[in-house]
Amino acid sequence: MRKAFGVILAILVVLIAAAWFKLRGPDISYEALEAKYAGSDSHFVDLPGGYRAHYREDGDPGLPTLVLLHGFGDSFMTWEGWVSELTPQFHIISLDFPGHGLTRAPEGSSLSGDALADFVDTFAKALALPKFAVAGNSMGGGAAWQLAVRHPERINALILVDAAGFAND
C-alpha cells in the first residue's frame with residue numbers, strides 16, 4: 001500500500017512539474033508591458049541604478065503634495081478609489097514600486113523597507129518634489145515610515161494604512 005502511494009505521489013509530482021514547464025511562457029519585456037498597459041496619464045522617470053519609475057499625477061500641482069505607496073503584490077492602482085476623493089485637496093502622486101506595476105527593477109533590487117524608502121527619496125529628488133505627505137499601505141506603509149525616519153526633511157505628514165511593522169530584535 002505504501003509503495004503504491006509513493007508511486008502515485010511521484011507521478012503527481014512529475015505531472016505538476018511537466019505542466020509548470022509547459023504552461024510557463026517566456027518573460028515579457030518591460031517595453032512590451034509599457035506599450036500594452038501604460039495609459040495616457042502614465043509618466044516615467046529614469047533613476048540611478050537602472051530603475052525606471054512609473055507614476056501618475058492627479059490634481060493641481062499648486063496644492064500640497066501627497067505621495068501614495070502601495071502594498072506587496074499590487075500597484076499604484078490600489079489607491080484608485082482614494083485619488084478621486086483626495087484630488088480636490090492634494091496634488092496626488094501614485095508611484096509603482098520596483099518590480100510592481102510598470103516600474104522597472106534591475107536584477108538584484110531589494111524590497112526591504114530601507115531600500116524602498118531610498119527609492120522613494122531618489123524619485124522625489126528626480127521630480128524636485130517639495131516637502132510632501134506620504135501615505136503607505138502594507139509594504140508601502142513600511143517604506144513610508146522608513147522614509148520618514150531616514151529622510152525626515154522630505155516629509156510633512158505620515159499616513160499609515162495597515163502598515164508593515166518594524167523588526168523588534
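Every heavy atom of this structure was used, including side-chain atoms; hydrogens, water molecules and symmetry mates were not.
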**Student:** Backbone N or O of Gly140 within a donor-acceptor pair of the Ser138 side chain at under 3.5 Å?
**Tutor:** no

**Student:** Could you give the distance from CG (Leu116) to CZ (Phe72), rounded to the nearest 0.5 Å?
**Tutor:**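 The CG atom of Leu116 sits 10.5 Å away from the CZ atom of Phe72.
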
**Student:** Near Leu9 CG, under 6.0 Å, is it more than 12 heavy atoms from other residues, nucleotides or ligands?
**Tutor:**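 Atom CG in Leu9 is crowded, with more than 12 foreign heavy atoms closer than 6.0 Å.
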
**Student:** Got a second to check how far Thr65's OG1 is from Leu127's CG, nearest 0.5 Å?
**Tutor:**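 The distance works out to 9.5 Å.
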
**Student:** Say whether, by atom type as modelled, one donor and one acceptor occur between the side chain of Thr122 and the main chain of Asp118 under 3.5 angstrom.
**Tutor:** yes

**Student:** Between Tyr55 and Phe123, is the ring centroid distance below 6.0 Å?
**Tutor:**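 Yes, close enough.
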
**Student:** Would a hydrophobic clustering, with Ile, Leu, Val, Met, Phe, Trp and Tyr connected at side-chain separations under 4.5 Å, put Leu66 with Leu158?
**Tutor:**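 No: no chain of side-chain contacts under 4.5 Å links Leu66 to Leu158.
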
**Student:** Measure the spacing between CG of Asp121 and CG of Asp114 and express it to the nearest 0.5 Å.
**Tutor:**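 The CG atom of Asp121 sits 12.5 Å away from the CG atom of Asp114.
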
**Student:** Atom CD1 in Ile159, atom CG in Leu69: separation rounded to 0.5 Å?
**Tutor:**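 Between atom CD1 of Ile159 and atom CG of Leu69 there are 10.5 Å.
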
**Student:** Hydrophobic clusters here meaning ILVMFWY residues chained together by side-chain heavy-atom distances under 4.5 Å, can you tell me if Val161 and Val83 are in one?
**Tutor:**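 Yes; Val83 is reachable from Val161 via cluster members.
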
**Student:** Crowded around Glu85 CD? As in, over 12 foreign heavy atoms under 6.0 Å?
**Tutor:**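 Atom CD in Glu85 is not packed in, count stays at 12 or less.
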
**Student:** Quick check: closest heavy atoms across Leu95 and Ala53, and the distance to 0.1 Å?
**Tutor:**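 Residues Leu95 and Ala53, closest heavy atoms: CD1-CB, 4.1 Å.
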
**Student:** Compare every heavy atom of Leu63 with every heavy atom of Thr87, then report the nearest pair and how far apart it is.
**Tutor:** O-CD1, 3.8 Å

**Student:** Could you tell me which residues satisfy side-chain hydrogen bond (donor to acceptor under 3.5 Å, both in side chains) with Ser75, sequence neighbours excluded, listed by chain and number?
**Tutor:**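 By the side-chain hydrogen bond (donor to acceptor under 3.5 Å, both in side chains) rule, Ser75 matches no residue at all.
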
**Student:** So which heavy atom on Pro98 is nearest to which on His100, and how close?
**Tutor:** O-ND1, 3.0 Å

**Student:** Quick one: does any side-chain atom of Asp41 pair with a main-chain N or O of Arg56 as donor and acceptor, under 3.5 Å?
**Tutor:**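 Not at all, since once roles are kept as given, no pair shorter than 3.5 Å links the two residues.
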
**Student:** Under 4.0 Å between a side-chain nitrogen and a carboxylate oxygen: does that hold for Arg52 and Glu31?
**Tutor:**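 Answer for the salt bridge query: no.
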
**Student:** For a side-chain contact (heavy atoms from CB on, under 4.5 Å) check, start with the C-alpha distance between Val134 and Trp145, then their side-chain angles and the critical distance, and finish with the verdict.
**Tutor:** CA-CA 9 Å; Val134 61; Trp145 74 260; over 6 Å; no

**Student:** Considering all heavy atoms of both residues, which atom of Leu147 and which atom of Ile155 are nearest to each other, and what is their separation?
**Tutor:** CD2-CD1, 3.5 Å

**Student:** Any heavy-atom pair between the side chains of Glu153 and Lys131 that's under 4.5 Å?
**Tutor:**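 A side-chain contact is absent here, since even the closest heavy-atom pair is not under 4.5 Å.
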
**Student:** Are Val7 and Leu15 grouped together when hydrophobic residues (ILVMFWY) are joined by side-chain heavy atoms under 4.5 angstrom apart?
**Tutor:**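 Yes; tracing contacts between hydrophobic side chains, which count when under 4.5 Å, links both residues.
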
**Student:** Show the numbers, then the answer: is there a side-chain contact (heavy atoms from CB on, under 4.5 Å) between Asn137 and Asp74?
**Tutor:** CA-CA 10 Å; Asn137 168 248; Asp74 216 332; 5.6 Å; no

**Student:** Would you check if Ile93 and Phe132 make a side-chain contact, meaning some heavy-atom pair closer than 4.5 Å?
**Tutor:** no

**Student:** To check you understand the geometry: which heavy-atom pair defines the closest contact between Ala117 and Arg150, and what is its length?
**Tutor:**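 Closest pair (atom of Ala117, atom of Arg150, distance): CB-CD, 4.1 Å.
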
**Student:** Closest heavy-atom contact between Pro106 and Gly50?
**Tutor:** CD-O, 4.0 Å

**Student:** Do the side chains of Phe119 and Leu129 join up, straight or via other hydrophobic residues, at under 4.5 Å, putting them in one cluster?
**Tutor:**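 Linked within one cluster.
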
**Student:** Working note: Phe97 + Val120, criterion side-chain contact (heavy atoms from CB on, under 4.5 Å); need CA distance, chi angles, decisive distance, verdict.
**Tutor:** CA-CA 8 Å; Phe97 279 131; Val120 176; 3.9 Å; yes

**Student:** Would Tyr51 and Val67 show up in the same hydrophobic cluster when neighbours are defined by side-chain heavy atoms closer than 4.5 Å?
**Tutor:** yes

**Student:** Keeping the roles fixed (side chain from His43, backbone from His54), state whether a donor-acceptor pair exists under 3.5 Å.
**Tutor:**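 No; zero donor-acceptor contacts below 3.5 Å.
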
**Student:** Let me confirm one number: the CG-CG distance from Asp27 to Leu33, rounded to the nearest 0.5 Å.
**Tutor:**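 Separation between the atoms: 9.5 Å.
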
**Student:** Within the 4.5 Å heavy-atom criterion, are Phe44 and Arg104 side-chain neighbours or not?
**Tutor:**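 SC-SC contact between Phe44 and Arg104 ruled out.
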
**Student:** Please determine whether the number of non-hydrogen atoms from other residues, nucleotides or ligands lying under 6.0 Å from atom OH of Tyr30 exceeds 12.
**Tutor:** yes

**Student:** Could you please spell out the steps behind the side-chain contact (heavy atoms from CB on, under 4.5 Å) verdict for His70 and Trp79?
**Tutor:** CA-CA 7 Å; His70 63 80; Trp79 294 101; 4.2 Å; yes

**Student:** Measure the spacing between CD of Gln146 and OG of Ser112 and express it to the nearest 0.5 Å.
**Tutor:**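 Atom-to-atom, Gln146:CD and Ser112:OG are 8.0 Å apart.
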
**Student:** Hey, are Asp58 and His91 close enough side-chain-wise for a donor-acceptor pair under 3.5 Å?
**Tutor:**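 No pair is found: no donor N or O on one side chain lies under 3.5 Å from an acceptor on the other.
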
